[in-house]
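Some notes on the structure that comes next.
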Amino acid sequence: MINLKKENNMFLIIAIVATIPALVSKYFPAGDSPSHLEIANTLSYLLPNSQEDFFSHYFELNTTLINTNWLFYLLPTLLIKYLPAFIVEKLIVCSYLIIFVLMSQLIGKLNNKVNIAGFLLIPIIYNFALHGGFYSFLFGLELSFFTIAYYLYYQDQLHGKNSIIFFCLFNLIYLLHPFPFAMTIIILFSYSVYLDIIKFFFIEKNIINSIPKNIKIIAKSFSITLYGFPGIICLLLTVLNSESIQSDNKRESLIQLIRILAGFHFLWSYDYLEIVLGRILIITVVSIFIILLLKKIKSFQIRNQDGLIFALLFCLILYFLFPETFGGGGSINIRTSVYIYFLIVLWIGYEINQKRLKNFIKAISIIIFVILVLFNSVKSIQISNLIEEYISVSPYVKENSTIVSFNLIERGLNFEDRVITNRKGIGQVTGYIAVSRNSIHLGNYQATRKNFPIKFRSEIYPRTLLIAKPPKIIEYNQTKGRIDYVLLWGASYTNNKELLKSIKEQLNNNYHLVHTSVKRGLAELYEINSSL
């Protein structure tokens, strides 16, 4: 009882410590985060107002309820009018971090009393999705992980209250994000197929002969599809309504999969240190997994939880079949690898009872976690300073205006303080400016997709003009819309002189420079001439 209390306190401390990188700086470096805030801000104006206001001239609600991430946007939309954007962002990030730790603790308890799975999940808390700002996916991932663990614990007691809770958990995943829901279906279905096969061939082969064999085999796996039926229907409609399916042949190799699982992409790295930590984590986990698996093969002891290995193999196969991008969403292979890690960790949690190994895993997990906290805290401060220079132009942007930005340094900067932005760059940071000035960022790519609550009106957003190389600023102004402000980032440091020249030629005689950021002169804000 004392050890359980100590463990509960330990996870509580971990949950608090995990929020440090989000609290030590004003802005948390998460690629798509400003876009989410901008969508929430736009929703706060679109939902209650008529069709005559400024925002409704450029946007319309996405009335397709399939795959629009509505559930995630409820709280930010309610808060964005009353709190600064960076505070709302902190609430979102801290909520994810705290829930992730508490979820890991609950999964560990459901999985095994020694809570190995919970500790092994903690080091992946600062993952690629967090630094990419994939908030809907993150909350869906958390709910997905917990739902899988919940099913494993209550699979033989799914009736009454447990059945209702499982049904609600299962289908709520889809309302957050379709990919975690799809992976939950795949994992639980394959796990249940394994159980049905084992049950038929090793336990009840000669029992209840009056029931056809095929019905006995599909009984448990078929029930999974019934529990997730509403979400499955929505998922199928999403697939039919998807924008595009693309495959990247480069990833379709065993070497690439090993690289992903070995930490090259598993943690969204700012530099080599995170890659090293990822390797240490994966080598430790995979080594333990292989040793335990060889031991199991030698003893030939078949248990229910071995269905996780069956599900793992199924996910590995699907890894090679999944497209790299789907319906506008990318990094499908990396998202899949998180589930591969999760299944390995769950199975290990069931197999380990040795006290020494338990303490070793605890120590490794906590050490990696602490290093990541320190590392991400330092990077958050550095990148936040960079972001603050970017949005220092905000006071010079008039309210109810439009702005488009061109980031001429794609992957950030590497100055004397070795500031390096994440791999997505800081292209969506303009969303902070748009929210603070109640303006519209015309470069918000999310509002051009089908899977978000708002979308640009097609007649006013000729996307091809703004993503052209070079972008056609003047031509866009000849449509029903207008670009009031153009923000250039890193013009003095860019190597792409031709792109800079083409943009500057369009700005001449049409726009005038109103502000250049003080610190490094990285941000240049141009306003359209009043005569235009």
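Worth saying up front: this structure is predicted, and the values here are computed from it rather than measured.
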Inset, instruction - Examine distances only and state if a side-chain atom of T516 and a backbone atom of G521 form a donor-acceptor pair shorter than 3.5 Å. - result: no
Inset, instruction - Please collect all side chain to side chain donor-acceptor pair (under 3.5 Å) contacts where either partner lies in residues 13-30, sequence neighbours excluded, each pair once. - result: none
Inset, instruction - Please confirm whether Y58 and F54 have ring centers closer than 6.0 angstrom. - result: yes
Inset, instruction - List in chain and number order the residues that pass side-chain hydrogen bond (donor to acceptor under 3.5 Å, both in side chains) with E498, two or more places apart in sequence or in another chain; answer none if no residue qualifies. - result: none
Legend entry - For S439, side-chain hydrogen bond (donor to acceptor under 3.5 Å, both in side chains) partners two or more places apart: S401
Legend entry - Side-chain heavy atoms of L75 within contact of L91, under 4.5 Å: no
Legend entry - Nearest heavy-atom neighbours spanning I433 and L487: CD1-CD2, 4.0 Å
Inset, instruction - Would you check if the distance from the ring center of Y485 to the ring center of Y511 is below 6.0 Å? - result: no
Legend entry - N444 side-chain N/O to H441 backbone N/O, donor-acceptor pair under 3.5 Å: no
Inset, instruction - State, yes or no, whether a side-chain contact exists between I366 and I122 at a heavy-atom distance under 4.5 Å. - result: no
Legend entry - Heavy-atom closest contact (V101 atom, A18 atom, distance): CG2-CB, 4.3 Å
Legend entry - Check: F456 ring centre within less than 6.0 Å of F59 ring centre: yes
Legend entry - V429 vs W489 side-chain heavy atoms within contact, under 4.5 Å: no
Legend entry - F28-F86 aromatic ring centre distance below 6.0 Å: no
Legend entry - For P395, all residues meeting side-chain contact (heavy atoms from CB on, under 4.5 Å), sequence neighbours excluded: none
Legend entry - Steps toward side-chain contact (heavy atoms from CB on, under 4.5 Å) verdict (K504, E524): CA-CA 11 Å; K504 284 290 185 74; E524 299 176 11; 4.0 Å; yes
Inset, instruction - Would you check if the distance from the ring center of F72 to the ring center of H36 is below 6.0 Å? - result: yes
Inset, instruction - For I99 and E142, work out which heavy atoms get closest and say how close. - result: CG2-OE1, 3.3 Å
Legend entry - Side-chain donor-acceptor contact under 3.5 Å, D32 with Y445: yes
Legend entry - F134 six-ring centre to R335 NZ/CZ under 6.0 Å and within 45° of normal: yes
Legend entry - From CA spacing to verdict: side-chain contact (heavy atoms from CB on, under 4.5 Å), I381, V378: CA-CA 5 Å; I381 294 172; V378 172; over 6 Å; no
Inset, instruction - Could you tell me the separation between the OH atom of Y396 and the NE2 atom of H515, rounded to the nearest 0.5 Å? - result: 4.5 Å
Inset, instruction - Find out whether F145 and L141 are in side-chain contact, i.e. whether some heavy atom of one side chain is under 4.5 Å from a heavy atom of the other. - result: yes
Legend entry - Main-chain N/O of I403 paired with D484 side-chain donor or acceptor, under 3.5 Å: no
Legend entry - Any donor-acceptor N/O pair, N508 side chain to Q506 backbone, under 3.5 Å: no
Legend entry - Heavy-atom pair of closest approach, residues I483 and I473: CD1-CG2, 3.9 Å
Legend entry - Shortest non-hydrogen contact from L500 toward A491: CD2-O, 3.5 Å
Inset, instruction - Nearest 0.5 Å please: distance from the OH atom of Y73 over to the CG atom of L78. - result: 14.5 Å
Legend entry - Residues which pass side-chain contact (heavy atoms from CB on, under 4.5 Å) with L172, listed by chain and number, not counting sequence neighbours: L71, L143, L175
Inset, instruction - Report the C-alpha distance between I124 and L281 in whole Å, list the side-chain angles of each, state the deciding distance to 0.1 Å, and finish with yes or no for side-chain contact (heavy atoms from CB on, under 4.5 Å). - result: CA-CA 9 Å; I124 69 169; L281 175 67; 3.8 Å; yes
Inset, instruction - Determine whether C315 and M183 make a side-chain contact, defined as any pair of heavy atoms from C-beta on separated by less than 4.5 Å. - result: yes
Legend entry - Neighbour count >12 (heavy atoms, 6.0 Å) for atom NZ, K501: no
Inset, instruction - Please examine the side chains of I116 and L357, heavy atoms only from C-beta on, and report whether any two atoms are closer than 4.5 Å. - result: no
Legend entry - Flag for S517-S392: side-chain donor and acceptor within less than 3.5 Å: no
Inset, instruction - Look up atom CG in N477 and atom NZ in K472, then write down how far apart they are to the nearest 0.5 Å. - result: 14.0 Å
Legend entry - Closest approach of S365 to L120 (non-hydrogen atoms, all atoms of both residues): OG-CD2, 3.7 Å
Inset, instruction - State, yes or no, whether a side-chain contact exists between L43 and I80 at a heavy-atom distance under 4.5 Å. - result: no
Inset, instruction - Indicate the ring-plane relationship of F137 and F179, choosing parallel, tilted or perpendicular according to the 30° and 60° boundaries. - result: tilted
Inset, instruction - Just jot down the salt bridge (Lys or Arg N to Asp or Glu O under 4.0 Å) partners of E527, sequence neighbours excluded, or say none. - result: K398
Legend entry - Ring centre gap for Y96 and F100 strictly below 6.0 Å: yes
Inset, instruction - State the CG-CD1 distance between L37 and I87, to the nearest 0.5 angstrom. - result: 11.5 Å
Inset, instruction - Find the distance between CD1 (I280) and CD1 (I368) and round it off to the nearest 0.5 Å. - result: 6.0 Å
Inset, instruction - Rounded to the nearest 0.5 Å, what's the gap from CG on L138 to OH on Y135? Could you check? - result: 8.0 Å
Legend entry - N/O donor-acceptor pair under 3.5 Å between T77 side chain and S44 backbone: no
Legend entry - Contact check, side chains of S144 and H177, non-hydrogen atoms, under 4.5 Å: no
Legend entry - Worked verdict on L386 versus L522 for side-chain contact (heavy atoms from CB on, under 4.5 Å): CA-CA 9 Å; L386 199 62; L522 286 167; 4.1 Å; yes
